[in-house]
Participant: 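I have a structure I would like to understand better, so I am pasting it below and will then ask my questions one at a time.
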Number of protein chains: 2
Amino acid sequence: MTTRKKNSTYTRNEQCIINCDLTYAVQKIGGRWKLLLLDKLGDKKLRFNELKKEFSYMSERMLSLQLKSMEQDGLIKRSAYAETPPRVEYEMTELARELAPILDQLRNWGRKQRESV
Amino acid sequence: MTTRKKNSTYTRNEQCIINCDLTYAVQKIGGRWKLLLLDKLGDKKLRFNELKKEFSYMSERMLSLQLKSMEQDGLIKRSAYAETPPRVEYEMTELARELAPILDQLRNWGRKQRESV
DNA sequence: GTCATTACTTACATGTTTGTTCGTGCCTTA
DNA sequence: TAAGGCACGAACAAACATGTAAGTAATGAC
């Protein structure tokens, strides 16, 4: 995000996978926590600390980074209220909701793959 | 694969995502090249060198690693023929074929996401 | 006997992701 | 006055993913 990447093969190859809608999509939901967060959000609005408690093993830093990334990618909506103590709520966007049925199928495939190996 | 991982938070957290069928599934198709390889294989049988030519920007090492990983995960089948020079062919398994319709949906979602951001 | 072909493998280098620890600004409660 | 909750941010470190360059074994062509 912050640091500019070099013009290396690593970066040029990254372009290949960004150009493909499929690999691009997988990137958006990839990483260690995003899908678990989406799962937990479901149809609810949750605060930063609520998510933090749910995923006590995840570092605050990761939670923060993933939420920010998903917000930029239009997967979640962040609403901050100027109260004391501050309140910030996160919820899925319509775009993320459209993923749900696809993810259900992927989940089933995952179970099947796991059984067959 | 070869080196044993330590009993770190990193490793313990990995268990969390392996326990979930969904994140587990995404891991199996994650990484930079696997989906592109599956895409290219389609219904064909392709040799190592044919894949290498198709993905000239991908290093041989990566091709080899990804193919091996996908074979272990039951996504592709490797057939080696004791000829000279050696001939090795790769093709998708039934399990991988079941992914195709799901991936099509993901691809569509990816295009939509890309347009909306 | 030298060389090319094929499908890899190994050692090393670079780049990214994830985790640890500490700090911040605002206000409330004790 | 002190302490604590909330929602983060920054600096650093560990682990992993990816890329580079070179080498291997078997064989057949020349």
Side-chain angles (χ1 to χ4, degrees), chain A residues 1-18 23 26-34 36-37 45-69 71 76 78-90, chain B residues 1-18 23 26-27 29-34 36-37 45-71 76 78-90:
Chain A
M1 303 273 173
T2 48
T3 53
R4 277 295 108 214
K5 296 179 203 162
K6 312 255 178 69
N7 180 14
S8 59
T9 302
Y10 191 95
T11 302
R12 285 200 307 281
N13 281 351
E14 191 176 43
Q15 276 306 314
C16 299
I17 74 166
I18 290 178
T23 48
V26 173
Q27 285 230 123
K28 293 303 176 191
I29 58 173
R32 188 162 273 196
W33 303 114
K34 290 180 183 176
L36 294 175
L37 285 171
K45 280 189 176 191
L46 292 178
R47 300 180 58 166
F48 187 88
N49 259 11
E50 289 174 318
L51 289 167
K52 181 177 152 193
K53 276 171 206 155
E54 288 288 349
F55 299 99
S56 55
Y57 34 82
M58 168 171 32
S59 69
E60 264 182 277
R61 171 181 149 76
M62 274 301 113
L63 178 55
S64 179
L65 284 177
Q66 300 309 307
L67 288 173
K68 191 181 297 183
S69 167
E71 191 195 356
I76 59 175
R78 191 188 109 113
S79 315
Y81 303 91
E83 303 171 358
T84 329
R87 181 162 61 98
V88 178
E89 287 180 340
Y90 295 93
Chain B
M1 301 270 173
T2 49
T3 54
R4 278 294 110 216
K5 293 177 207 162
K6 314 255 180 70
N7 180 13
S8 59
T9 302
Y10 190 96
T11 303
R12 284 199 309 280
N13 281 351
E14 190 177 43
Q15 276 307 313
C16 300
I17 74 164
I18 290 177
T23 48
V26 172
Q27 284 231 122
I29 58 173
R32 189 161 273 197
W33 303 114
K34 290 181 181 174
L36 295 175
L37 285 170
K45 279 190 177 190
L46 292 178
R47 299 180 58 168
F48 187 88
N49 260 8
E50 290 174 318
L51 289 167
K52 181 177 150 191
K53 276 172 205 153
E54 287 288 350
F55 299 98
S56 55
Y57 33 83
M58 167 169 35
S59 68
E60 260 183 282
R61 171 183 147 76
M62 274 299 113
L63 179 55
S64 179
L65 284 177
Q66 300 308 308
L67 288 173
K68 191 181 298 183
S69 166
M70 292 200 293
E71 191 194 356
I76 59 175
R78 190 188 108 113
S79 315
Y81 303 90
E83 302 171 358
T84 323
R87 181 163 60 98
V88 178
E89 287 180 341
Y90 295 93

Participant: Quick one: are A:Leu36 and A:Phe55 in side-chain contact, heavy atoms under 4.5 Å?
Facilitator: yes

Participant: Output a table of nitrogen or oxygen pairs between the protein and nucleotides 26-29 of chain D separated by less than 3.5 Å.
Facilitator:
residue	atom	partner	partner atom	Å
D:dT27	O3'	B:Thr84	OG1	3.3

Participant: Show the numbers, then the answer: is there a side chain to side chain contact (heavy atoms under 4.5 Å, CB included) between A:Val88 and A:Arg78?
Facilitator: CA-CA 7 Å; A:Val88 178; A:Arg78 191 188 109 113; 3.7 Å; yes

Participant: So, is the end of the B:Arg32 side chain (NZ or CZ) under 6.0 Å from the ring centre of A:Tyr10 and within 45° of the ring's axis?
Facilitator: yes

Participant: Taking the side chain as C-beta and beyond, is there a heavy-atom pair between A:Leu37 and A:Ile76 under 4.5 Å?
Facilitator: no

Participant: For A:Lys52 and D:dC6, is the shortest distance between a side-chain N/O and OP1 or OP2 below 4.0 Å?
Facilitator: no

Participant: A:Leu36 CG to C:dT18 C1': how many Å, rounded?
Facilitator: 14 Å

Participant: Decide whether B:Lys34 and B:Ser69 meet the rule of one side-chain donor and one side-chain acceptor closer than 3.5 Å.
Facilitator: yes

Participant: Less than 4.5 Å apart, side chain to side chain, heavy atoms only: is that true for B:Leu67 and B:Tyr90?
Facilitator: yes

Participant: Would you kindly give the CD-to-P distance between A:Glu50 and D:dG5, to the nearest whole Å?
Facilitator: 16 Å

Participant: Nearest-Å distance, CZ (B:Phe48) to C1' (D:dT24)?
Facilitator: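 Computing the B:Phe48:CZ to D:dT24:C1' distance gives 14 Å.
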
Participant: Ignoring backbone atoms, test whether B:Ser8 places a side-chain nitrogen or oxygen under 4.0 Å from the OP1 or OP2 oxygen of D:dA14.
Facilitator: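 For B:Ser8, the contact criterion (side-chain N or O under 4.0 Å from OP1 or OP2 of D:dA14) is not met.
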
Participant: Could you give the NZ-to-C1' distance, from B:Lys68 to C:dA7, as a whole number of Å?
Facilitator: 11 Å

Participant: Mind checking if B:Tyr90 touches a base, just sugar-phosphate, or nothing, with heavy atoms under 4.0 Å?
Facilitator: sugar-phosphate

Participant: Expressed as a whole number of angstroms, how long is the span from A:Leu63:CG to C:dT18:P?
Facilitator: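 In whole Å, C:dT18 P lies 13 Å from A:Leu63 CG.
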
Participant: All N/O contacts under 3.5 Å from nucleotides 19-22 of chain D to the protein, with atom names and distances to one decimal?
Facilitator:
residue	atom	partner	partner atom	Å
D:dG19	OP1	A:Asn13	ND2	2.5
D:dG19	OP1	B:Arg32	NH1	3.3
D:dG19	OP2	B:Trp33	NE1	3.2
D:dG19	N7	B:Arg61	NE	3.2
D:dG19	O6	B:Arg61	NE	2.7
D:dG19	O6	B:Arg61	NH2	3.1
D:dT20	OP1	A:Thr9	OG1	2.7

Participant: Would you mind classifying the nucleic acid contact of A:Gln66 as base, sugar-phosphate or nothing, using non-hydrogen atoms under 4.0 angstrom?
Facilitator: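 Sugar-phosphate contact only - A:Gln66 comes under 4.0 Å of backbone atoms but never of a base.
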
Participant: Listed by chain and number, what are the side-chain contact (heavy atoms from CB on, under 4.5 Å) partners of B:Arg61, not counting sequence neighbours?
Facilitator: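 Partners of B:Arg61 by the side-chain contact (heavy atoms from CB on, under 4.5 Å) criterion, ordered by chain and then number, come out as B:Ser59, B:Leu65.
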
Participant: Calculate the interatomic distance between A:Leu67 atom CG and C:dT18 atom C1'; express it in whole Å.
Facilitator: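 That distance rounds to 15 Å.
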
Participant: Nearest whole angstrom, please: distance from the C1' of C:dT5 to the CG of B:Asn49.
Facilitator: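 Value for this atom pair: 8 Å.
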
Participant: Whole angstrom is fine here: how far is it from CG in A:Leu65 over to P in D:dG9?
Facilitator: 8 Å

Participant: Grab the two heavy atoms, one from A:Glu50 and one from A:Arg47, that are nearest each other, plus how far apart they are.
Facilitator: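 Result for this residue pair: OE1-N, 2.7 Å.
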
Participant: Where do B:Thr9 and A:Tyr57 come nearest, in terms of heavy atoms and distance?
Facilitator: CG2-O, 4.3 Å

